[in-house]
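First comes the structure, then the notes that go with it.
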Amino acid sequence: MNRTFFGKRVPRRLFLRGVGGVTLALPILEGLRPRRADAQAETTPSYAIFFRQADGVASAQVAQELGQEPERFWPREPGALDAANVEGRALDELTEFLPKLLVVGNANMEDFNFGDGHARGALQLLTGWGPHVAGAGGDSEAGGESLDHRIARELNRDGIESLYLYAGGRGGWLGGPCISHRGRNSRRTAEPSPLVAYQTMVGLSGSPDSETIAMIRARNKSVNDLVREELQDLLAMSDLSQGDRQRLDLHLSSIRDLEVNAGCRTTAEIEAELADTKTSSTDGDVVQKLARLHMDVAALAVACGYTRSVAIQVGDGNDGQTRYWVDGSLLENYHFISHRRLSHDASGAIIEGSDLLHHKIDRQFGQSFKHLLSRLSAYEFEDGTLLDKGLSCWMNDLGNGPGHSPSNCPVVIAGSAGGVLKNGEYVVLEGGRRARTHVRVLNTIATAVGCRTGDQDYCDDVGDTRFEDRSPLPELFA
Amino acid sequence: MVALACGGEDSGPLPSDGQGSGGSAMGTGGGAPDEQPIAQAGRVRRLRKSEWTRSVRDLFFAESPFELSSPLPDDPKTEGYIFDGQAEQLNVDPTLWAAYQRSAQEVARQVTERPELIEGIAPYKAGQDASERAKEFLVSWLPRAFRRPISRAELEKYARLFETGSVSYPEVPPFEGGLRLVIEAALQSPHFLYRIEVSTEVEEDGLIPLDGFERATRLSYLLWGTTPDETLLAAADAGKLDDEEGVRAEAERMLDDPRAQESIQFFFERALDTERYLRISPSPTFYPDVSKDLPTIALEETRHFTFDIVFQAGGGVYDLLTSRRTFANASLAKIYGLSGDFAEDRFKLVELEPGERSGFLTQVGFLASHATSVNPDPIHRGVFVGKQLSCLDIQAPPANVPPLPDPEGKSNRELVAAHTEAPDTICRECHAELINPFGFPFESYDAVGAYRTMDGPHEVDTKAAPLIDGVPTPVSDAIEFAERLAGSRDVHRCMVGRIIEFAQGRKLLPEDKELASQIGEASLSEGLSFRELFVKIATSRAFLYRAPLASKESP
């Protein structure tokens, strides 16, 4: 039986609450290589994987630095996505997956006063919230919870948080990792190492045999039991602040999370590849490789039912450290390229041809996103692939580089979340640049993967409460 | 007196005396030390990443940090808090817990594979059997790991765990197996991972005195950034930290120890925002002779300079802003216009030209990191002096500020002034009287920090009237400006406020401002050294006591 939402038919199973305990029937995966999953596809829960790019894209614009720049990102026409529609645009990197894509145009953020365009974009990207403190620039924090965290909080089993992964140099603008937030002024730490992310998920390192695994688990259990007892004793102390209690409670649940995660392992070869990778770099090739390894882990994580939400961030607040390789040359850092100038502000010398360089960097992000889609497609079900079961979303903090525009920020969704969202289309949202549509995109995604607001059959409470309309966008549903 | 409208919310240790110097106010000082309020704080504070790393190193008397297959995740950044990891934000989430577990296992393995480390924590005595040796290890090492005496129940619990080590690690001898399992567990214990303050007895004045071990822990992480040594724990055990004099004696001893250098240097790196040096990127067209390694060279100079101020010259805030003693290699000597033999890989003590240089603000690191690739950047130089040194609230500019236009014959200063001080613009509100006057005195230094008298065809104009202690104060150049800042009440209070933030692991609260005022006044009037400032804060009531919670729901 299906129910209606805004006149659209949505599969009944998406309205089941508390489906977090239902996991894919893949208790122990042999590897990331293609394989057929057996039954229970019907119960496969949906998921969202977010892939963040900074600094806008090389779209049509008039910039003070280079004058008129041609369109190099968006499809030519709204409507069906085919090869002709994206030819010559960065999106043609995804030609193979066009039938699975929903490209969303005119997703506009609010021009909140963060005191910095990058802070406004990066901190609003997944939260839909304005700043914790107005005008704080590089010291900004978000005013509310991010969507990746919300999805995990509502849909993951046992309160496991979303997987938050980072590829880039250490530190940097906004302190580096900055898109995932537990709530107001509560930023999350990202994991820079795909190997560590993987080990965290499975609770083991190396490739031990089953006897050794049993011994390790027994050893960990004896230590965990002791630590748990100590934490319980501390929680019994009088005069503990609420913050202290929450801290100790989170510690306790973290121990439990790690214990229940085991059983979703990959092959020794892939473990070796994960191990043989730097955990931070400013070299664009290495950064994108790291991002793709993170994607391998992300695909495994959603395949195993470890989490239903992953956020992968590339580069710091303004990605001002990563230096990409284009046509055999090492470029200035990406932020300079996006500014079209040799500076982090608007004062440096102009970089000739930087609009084209920006486009070529956009293509590298497109290639990495394609890697994720390929990985997800490798998990096959009777009625489709893992890619179809959930959604993956390539997003950008800004609409463009030089202007730092909060309007028309790229949102490229792949997968229909089990038939809920449209696929194979480029939809330009209505209302022009004044319409605050980005926050509604977030609620659309939340709804598609199964989040709900109260007793409603959709979600409309993601993002800043000052927005007049946070409802999902009917035009994005199938 | 100038009233400004561009201040934001009070987010830092703003030390103004409330006379309208651009932000919110704090008290004027004057309350007796034993009347100063104390802010409520949590009792369970997780070690920062750097504290964990050093503590583990020192627990095993290792010479360097243990090599881990993957480092611990970085601590989360907190808005407005310039040091790593504000205490309230330091949690153990699944990712960090997994990292702690993995790291504890790796450290335990490495320790038990290195006989010299085993000997350091569990020395073998002739004729001693394994169980006696194990007990001695537990009795001597666990209190060091937990930074306090352990209870009988704890001893028995860990002793039982030790006994199961031979089963858990059948591939190693039983003693090493037990050692390994206990180390693994202790490094994952909340008693190691958190600084826990258990004292609850309220004195007549309504405050709770921390016990000697809790004070030892606070002292050690403030001054060393690591776990207490045996001497400090012994002092706590002997009751020597029960009074201020005892704490002072230990603080003095600790500041003489090389371990103080790491922690104090970290303080200065954040207080002076040396992370920004990574942005130094002068245009090779305009500065073809400048080393591409200038960011790291400048950082090295600042490290030498602050080390010299604190640990060699016994200097304080005044010296930070006026000392001409610094350290230069060949690249820096060229920028500073020094003659003599300089090597690229060696930094030499030098005395800079009195008419050109005066303290940190006239050094390459600050100047070049607050510059575009071509020109000095008086706006960001000014913002640094206002926000970071004077603790004034200066809001970030509105979004999408247009870039500086083409100079069209103007000097850099004229261009910035024309762009930011135009009548009836929102920019003028903050720039005309606050930001620009803080930055224009530095126009005599180019984008890499070299001294200049000409800006292209223009003579540089360094005259300005920056707001010092709430009053527009005419200065003729950066040298006079630095001298005035060094004599500023606001600047001294601000620096003291930074130390309090560092010590408390959080942003300054209203309850801290009385203390910042009092010590700031002493810094100014008595010329206290940084060492003395750290000791004063370490012996303050706010550091040695805690306030009981007013309600179970706060803070």
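So that the names make sense, note that chain A is the first sequence line, chain B the second, and so on, each numbered from 1.
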Residue [X] versus chain A: region with a heavy atom under 4.5 Å:
| X | result |
| --- | --- |
| B/Y194 | side chain |
| B/I208 | side chain |
| B/L193 | side chain |
| B/N375 | neither |
| B/S281 | side chain |
| B/E275 | neither |
| B/A87 | backbone |
| B/V182 | neither |

Item to complete: Please list, chain by chain and in numerical order, all residues satisfying side chain to side chain contact (heavy atoms under 4.5 Å, CB included) with A/A119, sequence neighbours excluded.
Response: A/F114, A/D116, A/L123, A/S140, A/L174

Which portion of [X] sits near chain B, non-hydrogen atoms under 4.5 angstrom:
| X | answer |
| --- | --- |
| A/N333 | neither |
| A/L231 | both |
| A/L250 | both |
| A/E161 | side chain |
| A/Y166 | neither |

Response to the item:
Exactly one candidate in A/Q313, A/H149, A/H181 meets side-chain hydrogen bond (donor to acceptor under 3.5 Å, both in side chains) with A/Y164; the answer is A/Q313

Discussion item. Among B/R48, B/K49, B/R270, exactly one meets side-chain hydrogen bond (donor to acceptor under 3.5 Å, both in side chains) together with B/D84. Which residue is that?
Written reply: B/R270

Worksheet item: Any ion pair linking B/R46 and A/D244 (charged N to carboxylate O, less than 4.0 Å)?
Response: no

Worksheet item: Is any side-chain N of the basic residue among A/E65 and A/R341 closer than 4.0 Å to the acidic one's carboxylate O?
Response: yes

Worksheet item: Do A/S241 and B/Q40 have side-chain atoms, one donor and one acceptor, less than 3.5 Å apart?
Response: no

Worksheet item: Would A/H404 and A/H339 count as having a side-chain donor-acceptor pair, cut-off 3.5 Å?
Response: yes

Discussion item. Between B/V374, B/D75, B/L90, who has the most heavy-atom pairs with chain A when the cutoff is under 4.5 Å?
Written reply: B/L90

Worksheet item: Counting heavy-atom pairs under 4.5 Å to chain A, which of B/A185, B/S168, B/A104 comes out on top?
Response: B/S168

Tell me, out of [options], who's got the most heavy-atom pairs with chain B below 4.5 Å.
| options | value |
| --- | --- |
| A/R247, A/E141, A/E191 | A/R247 |
| A/L342, A/V196, A/L252 | A/V196 |
| A/R170, A/R182, A/R188 | A/R170 |

Worksheet entry | Derivation and outcome, salt bridge (charged side-chain N to carboxylate O under 4.0 Å, His left out), residues A/D239 and B/R546 | CA-CA 12 Å; A/D239 199 21; B/R546 76 175 182 88; 3.2 Å; yes

Practice prompt. Kindly indicate, with the supporting measurements, whether the criterion salt bridge (charged side-chain N to carboxylate O under 4.0 Å, His left out) is fulfilled by B/K157 and A/E229.
Written response: CA-CA 11 Å; B/K157 203 160 26 179; A/E229 195 181 320; 3.5 Å; yes

Discussion item. Could you check whether B/R180 makes a cation-pi contact with B/Y169, meaning its NZ or CZ is under 6.0 Å from the centre of the six-membered ring and within 45° of the ring axis?
Written reply: yes

Worksheet item: Does CZ in A/R228 sit with more than 12 non-hydrogen atoms of other residues, nucleotides or ligands closer than 6.0 Å?
Response: yes

